[in-house]
Amino acid sequence: MQAAYDLVVRGGTVADGKGGTPAEADVAVSGGHIVAVGKVPGKGRQEIDAKNRLVTPGFVDIHTHYDGQAIWDSHLAPSSWHGVTTVVMGNCGVGFAPVRKTDRDCLIELMEGVEDIPGGVLHEGLSWNWESFADYLDALETRKHDIDICAQLPHGALRVYVMGERGARLEPATEQDIAQMRALSADAMRAGAIGFSTSRTLNHRSIKGQPTPSLRATEAELMGIAQGLADAGSGVIELISDFNAPDLQTEFGMIRRLVETSGRPLSLSLAQTHGVPESWRTLLGMIEETAREGLPIRAQVAPRPIGILLGLQGTLNPFSAHSTLGEIKDKPLAEKLRILRDPSFRARVLAETDTCQNHPLARRVMAFDHIFVLGDPPNYEPPRQTALANIAARENRDPAELAYDLLLENDGKNFLFMPFANYAHYNLDACGEMIAHPDCVMGLGDGGAHVGIISDASYATYLLTHWGRDRAKAKFDIGWLIKRQTADTARAVGLNDRGVLAPGMKADINIIDFDSLKVEAPIMAFDLPAGGKRLLQGAQGYDATIVCGEIVYQGGKPTGALPGKLVRGPQN
């Protein structure tokens, strides 16, 4: 008997991405698309028994930085390990196109500084067989991938391409510059860019300490680019800014005018800062007001603290400002560990602590009242009493001494967790409010970036486990959470062909053992070009991840199938 379908997922508990209560159903797939959901009588050439499994659309992650990795790697891990089947990269105004040969080092230095991807890795891994943004898209298509990719036009690269050194030095763009940026932006959207991204934060600097080129871009410059998107009739805008008072009203007023004039949707990064922990409410209130007026502005938010991992293998640890530790920073881990265990060396490091207190880096990485043991499984909502300062007080110890000893555990592979956003009050209540808000969209996972200090590409898994199952209070229905990471994120960037399990939609599907689903502890791998290191964080509980009707991961392992494609522009 001839099979009626390419694939049938049988008897799973289907959370279809529309936000309702999951229900038992079959899902039939043919030609890379879903053709039936419900009781499917016909057979599939391949069948998957999904009884007692949660069946969801593939997750859409709209905030990643795989701009380099997608050139040299077919597997966009760690995002693809977490049920993500579509990523949007080119966020925060950094990327590698358009570019002139003379400016390649400038873009590498910017990416290294802003997103903590080592310059040596980028020099080794990037082929640079492109100049225009359209050329870059073509280069992406020469490699097969496990999941789908969307690319945004980065403001930093665009500005340097048009203005050269003037752009890197933050000089104002001339009318001619703006006209060229407008034309190039329109060209990029027509070639298949999903949108445009820009950064206006002082936190974004090149590895040499120079501010990101887009930092002081005028409203006229940003308006010209936004009108380029309008000329093409497509493209979203992604923006990060400091939004500091008293300039908040001025900055948001400009953002509002960009959207009003261009008609293009815009999303901006939103988090609870620890210095002014309620300021996010003011900004979200402004977004809410504009949304009521019909302007498409959203906040990108995270489901857990944004924080740095401190460890002997990472970029930073609590003693990074200590000159004594600098003596061994380039030694292999085993040799480093042997020296650190020597009582005399330990005493030398700890003796430096008092003299380092005023060092700007030391003040951050030794803020022991807000540093925790991450643990295995990792705990991203640790109680206040488990901060190192409080543990040390109970044990009548110096917190630096405690931190030193903790770093040596697990053969020196232990990580401490230092939240710097979304954890001002030692709980995730603010994150819960943002997740629940209709004008917020899930994002900020930064997959592919911050390879030595942050591991947040696991956000999608954490959203389901912590907020849908494990948290003691204020949890959400799992069907609604699935919608937040599928249909809502897909629609936010104009991908209307995925994110829902329904006939005619793209067959991107997860089959999940929800009871067993969990985020694993991060590890350091040394698998980047030039032997570079990166933090990786796996997951357990994904029975299968399906892209365009093909199983790309089964039991957490790649199958070898690479059906992922470059998505050119919005999809109907």
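Source: prediction; values computed, not measured.
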Please check if any side-chain donor atom of [X] sits under 3.5 Å from a side-chain acceptor atom of [Y], or the reverse.
{"X": "Thr13", "Y": "Glu24", "result": "no"}
{"X": "Asn510", "Y": "Thr545", "result": "yes"}
{"X": "Ser80", "Y": "Tyr553", "result": "yes"}
{"X": "Ser269", "Y": "Gln300", "result": "no"}
{"X": "Asp446", "Y": "His63", "result": "yes"}
{"X": "Glu381", "Y": "Asn427", "result": "no"}

Under a 4.5 Å cut-off applied to non-hydrogen side-chain atoms, are [X] and [Y] in contact?
{"X": "His450", "Y": "Ile117", "answer": "no"}
{"X": "Phe415", "Y": "Leu535", "answer": "yes"}
{"X": "Pro265", "Y": "Ile237", "answer": "no"}
{"X": "Tyr136", "Y": "Asp67", "answer": "yes"}

Notebook entry, point to check: How would you list, by chain and number, every residue that makes a side chain to side chain donor-acceptor pair (under 3.5 Å) with Thr21, sequence neighbours excluded?
Noted result: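 With neighbours one apart ignored, the set is empty.
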- Message: Please enumerate all residues that pass side chain to side chain donor-acceptor pair (under 3.5 Å) together with Glu293, with sequence neighbours excluded.
- Response: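 In terms of side chain to side chain donor-acceptor pair (under 3.5 Å), with neighbours along the sequence ignored, Glu293 is linked to Arg256.
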Do the charged groups of [X] and [Y] touch, with an N to O distance under 4.0 Å?
{"X": "Asp73", "Y": "Arg143", "result": "no"}
{"X": "Glu278", "Y": "Arg281", "result": "yes"}
{"X": "Lys413", "Y": "Asp411", "result": "no"}
{"X": "Asp148", "Y": "Arg498", "result": "yes"}
{"X": "Asp49", "Y": "Arg10", "result": "no"}
{"X": "Lys565", "Y": "Glu141", "result": "no"}
{"X": "Arg292", "Y": "Asp439", "result": "no"}
{"X": "Asp429", "Y": "Arg471", "result": "yes"}
{"X": "Asp470", "Y": "Lys475", "result": "no"}

Candidate pair Trp480 and Trp467, rule side-chain contact (heavy atoms from CB on, under 4.5 Å), full reasoning:
CA-CA 11 Å; Trp480 185 83; Trp467 291 101; over 6 Å; no
| request: List the steps, then state whether side-chain contact (heavy atoms from CB on, under 4.5 Å) holds for Lys518 with Tyr462. | output: CA-CA 7 Å; Lys518 71 173 186 176; Tyr462 186 82; over 6 Å; no
[X], [atom1]: over 12 other non-hydrogen atoms inside 6.0 angstrom:
{"X": "Lys533", "atom1": "NZ", "answer": "yes"}
{"X": "Asp477", "atom1": "CG", "answer": "no"}
{"X": "Arg384", "atom1": "CZ", "answer": "no"}

How are the rings of Tyr542 and His82 set to each other: parallel, tilted or perpendicular (split at 30° and 60°)?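 Taking His82 first and then Tyr542, their aromatic rings stand perpendicular (interplane angle over 60°).
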Does Arg304 make a cation-pi contact with Tyr459 (under 6.0 Å, within 45 degrees of the axis)?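 Here Arg304 fails the 6.0 Å and 45° test against Tyr459.
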Applying side-chain contact (heavy atoms from CB on, under 4.5 Å) to Asp456 and Leu444, what does each step give before you reach the verdict? CA-CA 8 Å; Asp456 285 345; Leu444 309 184; over 6 Å; no
